[in-house]
Amino acid sequence: MKPVVYIETTVISYLTAWPSRDVIRLAQQQQTREWWDTQRQFFEAVCSEVVEREAAVGDSTAAAERLKILQTLPLLAVKPEAGLLAADLIAKVKLPARAQTDALHVAIAATNGVSYLLTWNCRHLTNAVLRPRIEQVCRDNGLEPPLICTPADLMEPP
């Protein structure tokens, strides 16, 4: 059985975006495409309606590209306890209110027993200071947290 990886919105955005002029973002886009092309086969990739909702926003052509990719991924259930865990993450990790959706991504992954959460959100998710706090809040709620990582972090087959 393959490990499950929750694909967060930034990964889909980087996968489908026009090449960036910013060299760091361009490298991240390339790493995302490489992961998608060479590593995805080792995982069961999933997303949620929250990812779909975020991906649908913005330029209609770009949104259509993102949604086309997302149609290939199964959707995880947004369980009632995910909302409670997201609120707990906001309060105890001291995330800003604008990070509610970021907390919900973690909560959906944790309440569905997902192994990995793949993201380029380094401000609130793959942040080395916040990640241990996020993991502790999940464990305090009786859940094993997903390993939050970027495509660059998840390049080797499991």
K.L.:
For the side chain to side chain donor-acceptor pair (under 3.5 Å) test, which of Arg25, Gln29, Gln30 pairs with Tyr14?
P.N.:
Arg25

K.L.:
Could you tell me whether Tyr116 and Phe43 have their ring centroids closer than 6.0 angstrom?
P.N.:
yes

K.L.:
CG of Leu75 to CD1 of Ile108: how many Å apart, nearest 0.5 Å?
P.N.:
10.0 Å

K.L.:
Enter the distance from Glu52:CD to Glu49:CD here, rounded to the nearest 0.5 Å.
P.N.:
7.5 Å

K.L.:
Here's one to test your reading of the geometry: is the NZ or CZ of Arg33 within 45 degrees of the ring axis of Trp36 and under 6.0 Å from its centre?
P.N.:
no

K.L.:
To the closest 0.5 Å, what do you measure between SG (Cys122) and CD (Gln28)?
P.N.:
6.5 Å

K.L.:
Which residues pass the side chain to side chain donor-acceptor pair (under 3.5 Å) test with Asp153, sequence neighbours left out?
P.N.:
Thr150

K.L.:
List the steps and the verdict of side chain to side chain contact (heavy atoms under 4.5 Å, CB included) for Leu117 and His105.
P.N.:
CA-CA 8 Å; Leu117 189 159; His105 288 304; 4.2 Å; yes

K.L.:
To the nearest 0.5 Å, how far apart are CD1 in Ile7 and CG in Leu118?
P.N.:
5.0 Å

K.L.:
Donor-acceptor pair, Lys79 side chain versus Thr111 backbone, under 3.5 Å?
P.N.:
yes

K.L.:
Please tell me whether Met155 and Trp120 are part of a single hydrophobic cluster in this structure, the criterion being side-chain heavy atoms less than 4.5 Å apart.
P.N.:
yes

K.L.:
For atom CZ of Arg139, is the number of surrounding heavy atoms from other residues, nucleotides or ligands below 6.0 Å larger than 12?
P.N.:
yes

K.L.:
State whether a side-chain donor-acceptor pair under 3.5 Å links Thr16 with Glu65.
P.N.:
no

K.L.:
Within this structure, what is the CD1-OG distance for the pair Ile69 and Ser13, rounded to the nearest 0.5 Å?
P.N.:
11.5 Å

K.L.:
In this structure, are over 12 heavy atoms from other groups packed under 6.0 Å from Lys68 atom NZ?
P.N.:
no

K.L.:
Enter the distance from Leu85:CG to Asn141:CG here, rounded to the nearest 0.5 Å.
P.N.:
5.0 Å

